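Contents: one structure, followed by commentary.
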Amino acid sequence: MSKAPLAGKQGACYIRAMSAQVLFNPLAYIDRLTRGGFSPEQARASAEALETAFSESVATKADIGDVRHDMELLKRDLAEVEGRLKRELIEVEGRLKLEVSQSKTDILRWVFGFNLVLIGAIFTILKFVR
């Protein structure tokens, strides 16, 4: 919208706000305000402000219904993603438990092997010391 939305306008104008139409005649409005004691500048500023207010978007019941519908779709999508993430988390947890178990087994093998080598070394040292 330009700085002077009323410049060059004649008579009534239709302002569409979402799905509702408002009939606003800025010239008649300015005339009423000036007859009521407003200066022409004040009347023009008031008419421009009112025209801007009428032209700004206002949510209707249908708009709110659409938003609610979209929210329900988002809730369903979120629940689906949450379920998928839970399944993936359980799968990753299972793999992690398996890897930890395998690591424990490997560590026990190394410790057992090291102990056998250590015991063998001790017996060998004792054999040569006697």
Side-chain angles (χ1 to χ4, degrees):
M1 188 175 283
S2 66
K3 288 190 175 189
L6 299 176
K9 291 190 178 178
Q10 300 266 336
C13 64
Y14 284 95
I15 301 168
R16 176 167 233 126
M18 291 285 224
S19 60
Q21 268 190 355
V22 177
L23 177 62
F24 176 63
N25 186 341
L27 298 177
Y29 183 74
I30 292 171
D31 186 47
R32 284 187 190 145
L33 290 177
T34 52
R35 279 187 279 134
F38 279 71
S39 71
E41 292 80 22
Q42 289 173 324
R44 184 180 223 35
S46 177
E48 288 173 0
L50 192 56
E51 186 176 25
T52 300
F54 282 144
S55 66
E56 296 204 356
S57 297
V58 177
T60 63
K61 287 183 181 181
D63 297 327
I64 293 171
D66 290 344
V67 169
R68 284 187 178 149
H69 177 70
D70 291 346
M71 286 176 56
E72 288 300 319
L73 293 176
L74 286 172
K75 282 180 186 178
R76 280 189 232 138
D77 290 347
L78 184 59
E80 180 182 318
V81 168
E82 184 180 18
R84 191 171 355 126
L85 286 174
K86 282 182 181 180
R87 288 188 300 276
E88 288 179 18
L89 184 61
I90 290 169
E91 180 183 323
V92 168
E93 185 180 20
R95 283 188 298 199
L96 186 59
K97 284 181 180 180
L98 179 63
E99 287 182 27
V100 168
S101 176
Q102 288 173 345
S103 296
K104 282 181 183 178
T105 304
D106 290 344
I107 290 170
L108 287 174
R109 283 184 191 154
W110 276 99
V111 168
F112 183 71
F114 179 75
N115 284 336
L116 284 178
V117 170
L118 187 61
I119 291 171
I122 290 172
F123 280 127
T124 305
I125 292 171
L126 286 176
K127 186 176 182 183
F128 286 115
V129 171
R130 288 185 193 192

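Keep in mind that this is a model prediction, so the values were computed, not measured. Note that the numbering runs from 1 along the sequence shown for the chain.
Checked against side chain to side chain contact (heavy atoms under 4.5 Å, CB included), S39 has the following partners two or more places apart in sequence or in another chain: E41, Q42. Contacts of S46 classified as side-chain hydrogen bond (donor to acceptor under 3.5 Å, both in side chains), with partners at least two apart in sequence or in another chain: Y29. Legend: residues meeting side chain to side chain contact (heavy atoms under 4.5 Å, CB included) with E72, ordered by chain and number and at least two apart, are K75, R76. The side-chain hydrogen bond (donor to acceptor under 3.5 Å, both in side chains) test applied to D66 returns no partner, not counting sequence neighbours. In this structure, K127 has no salt bridge (Lys or Arg N to Asp or Glu O under 4.0 Å) partners at least two apart in sequence or on a different chain. Annotation: side-chain hydrogen bond (donor to acceptor under 3.5 Å, both in side chains) contacts of R35 (sequence neighbours excluded): D31.
Through chains of ILVMFWY side-chain contacts below 4.5 Å, V67 is grouped with M71. Under a 4.5 Å side-chain heavy-atom cut-off, the cluster of Ile, Leu, Val, Met, Phe, Trp and Tyr residues that includes F112 is completed by L116. Alongside F114, the hydrophobic cluster contains L118, I122, L126 (criterion: ILVMFWY side chains under 4.5 Å). In this structure, L85 shares a hydrophobic cluster with V81, the cluster being traced through Ile, Leu, Val, Met, Phe, Trp and Tyr side chains under 4.5 angstrom apart.
In this structure, the separation between CZ on R32 and CG on N25 is 8.0 Å, given to the nearest 0.5 Å.
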Acceptor/donor pairs from residues 87-110 side chains to any protein atom, 3.5 angstrom cut, sequence neighbours excluded:
| residue | atom | partner | partner atom | Å |
| --- | --- | --- | --- | --- |
| R87 | NH1 | G83 | O | 3.4 |
| S103 | OG | E99 | O | 2.9 |
| T105 | OG1 | S101 | O | 3.0 |

